[in-house]
J.: 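The structure's right below; bear with me while I get my questions together.
A quick note: this is a predicted structure, and the numbers were derived from the prediction, not measured. Every chain is numbered from 1, with letters handed out A, B, ... down the list of sequences. Atoms considered below: every heavy atom in the structure, side chains included; atoms not considered: hydrogens, waters and symmetry mates.
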Amino acid sequence: MIIPQHVGPIDMVAVIPYIAIICVLAFVLLLVPGLVWIERVVVALIQDRLGPNRVGPRGLLQSIADGVKLFFKEDILPANVDKMVYYLAPVLVIVPALAAGAAIPFSIVKIRLDSGVVEPIPMVVGNVNIGILFILALTSLQVYGIVLAGWASNNKYSLIGGLRSSAQVISYELAMSLAILCGVFICHSLNLVDIVNHQGGYWFGIIPKWNVFQFYGLGAVATIIYLIAMTAETNRAPFDLPEAESELVAGFHTEYSSMKFAIFFMGEYASMLVVSGIATALWFGGWQPLFPFLAFIPGWIWFIGKLMTFIMIYIWVRATLPRLRYDALMSLGWKKLLPMALVVLFLVALVDTLQTPSQPVGSHVAQGHLAASMVIGESQR
Amino acid sequence: MGRGLAILNWSLIGFWIMAIISVCSAVLMIANRNPVRSALFLVLGFMMQALLYLSMSAQFIAAVQIIVYAGAIMVLFLFVIMLLNIGSPEALRERGGLQAPAAIVLAIVFLLLLAGVGALGGSQINHLMNPSVIPNYGTVDAIGKTIFDPSKPWLFPFEATSILLLIGVVGAITLAKRRL
């Protein structure tokens, strides 16, 4: 479908970022009740239980009922909490997650410019040059919400949850950044729109040139590292030690009630959606169709479909795997994932150097090298 | 010319907002008795610095500022503050010493230096602050090309710095191993 640039008085090219803002916010915030329902139904299915089936058809209205309940619950402020930090913490969880969504391109629209040229315009809030770094920066801020919630609650279980979360997120962030850098090396760009565009096309007309299939399997290894690290980053099972209910009551959000708790809940799902969106754009071709003959399906459907696949993997893993012991979590992060990510990054860089014809000062090589030095430098601190 | 002036004014307004917030957060960081709140104000200061870098179109430095300082180092700070349980306001009462008078003297010297730089080099700095002079100024692309350009002298210092970091890692491991 090709849209003309001027529909009445509206310049479509200028309007697209605003449409994208509405799409991202509406998608993330309105989908959360649906995701909760999906999660409960799927987990019930896997564990051979009934799941929600009382409110509405097939329990569909259960999440809405829960939301209304949370909204009207008493807002309890525990004794001796640090009020400013206590109220700030839920905000710090949800804001970075929503802001990181701004750099993820989720579709492409063809627009016929006034000059008659048809130009593909990406649907993204901010097509920033340093898209990946922007997202890394914002996701690295998300841990503050959890840590501060744990500290401000004046509860030892909350504090332990917050401490666990900070150590876990810092440890897995390194492996995640290195895995993301592999994708940057493959695509020679930090801009997510460029990265997705680079993944268009097919080998033998059938295998998509997504990053996950690139570089003789190295892309797949980096993808697996990213997927493990992203589960740990979002504090989801089997890495949900910050809120391990059998040890810590409810971990960092034990003392939070009513809407403050709901915001933590929404923040968790929002960050799940965001990291899944990064996985989609970085490894699985964003809006690019799986097979060439399926190209008639619009890009945003492909994007949402891939995104929801990752959400289903999240739920599947949660229902299947038991929670890791804390020392096992740390040794997995530091002794297995990080060295593996370093080796894969080295091999990807090697293959990339061999494949790229020599040039005086390769901009992308320099760019990748600089970003790599930065992340490795961070890991050394 | 009129357009240029308008841009200058907007960037000046933005600059003053960010500068005031960052100076206030720096002052609050040391004036606060509560270590966790101090750390939070330091994070706010780092964020404002990142925004200042962004306003000078140094995108890469801004992103690195947030990732490394706000995202990694300050989380470690908070972790240590909580682990040592010095989060209560009464835990850190400093005794008198040479620190306060020395800090005042150094602050005065620093302010004089800043004023001197402003008075002497203000006119030269002004035109350097216009980022549109250099194409792609501040992007990862431009920084990478500059650092790794063999005809420029930046490659050796850059690699030397990374070796310095490596020495730090080796030192940290040696210190930790001794206790194991």
J.: Report the distance from atom CG of A/L136 to atom CD1 of B/I66, rounding to the nearest 0.5 Å.
T.: 11.5 Å
J.: Contact part of A/V147 toward chain B, heavy-atom cut-off under 4.5 Å: side chain, backbone, both or neither?
T.: both
J.: For atom CZ of A/F346, decide whether the heavy atoms of other residues, nucleotides or ligands shown that lie under 6.0 angstrom number more than 12.
T.: no
J.: Between the side chain of A/Y144 and the main-chain N/O of B/A70, is any donor-acceptor distance below 3.5 Å?
T.: yes
J.: So which heavy atom on A/N129 is nearest to which on B/Q59, and how close?
T.: CB-OE1, 3.4 Å
J.: Please classify the contact of A/A152 with chain B as side chain, backbone, both or neither, using a heavy-atom distance under 4.5 Å.
T.: neither
J.: Please report the closest heavy-atom contact between A/S140 and B/G71, naming both atoms and the distance.
T.: OG-CA, 3.5 Å
J.: Answer yes or no: does atom CZ of A/F264 have more than 12 heavy-atom neighbours from other residues, nucleotides or ligands under 6.0 Å?
T.: yes
J.: Spell out the residues in residues 43-50 of chain B that have some non-hydrogen atom less than 4.5 Å away from a non-hydrogen atom of chain A, in order of number; otherwise answer 'none'.
T.: B/V43, B/M47
J.: For A/I170, is it the side chain, the backbone, both, or neither that has a heavy atom closer than 4.5 Å to a heavy atom of chain B?
T.: side chain
J.: Count the heavy atoms of every other residue, nucleotide or ligand shown that sit under 6.0 Å from CZ of B/F79, and state whether that count exceeds 12.
T.: yes
J.: Give the intermediate values and the outcome of side-chain contact (heavy atoms from CB on, under 4.5 Å) for residues A/V169 and B/V75.
T.: CA-CA 10 Å; A/V169 169; B/V75 177; over 6 Å; no
J.: Taking every non-hydrogen pair under 4.5 Å, which of A/V143, A/T139, A/L148 racks up the most with chain B?
T.: A/L148
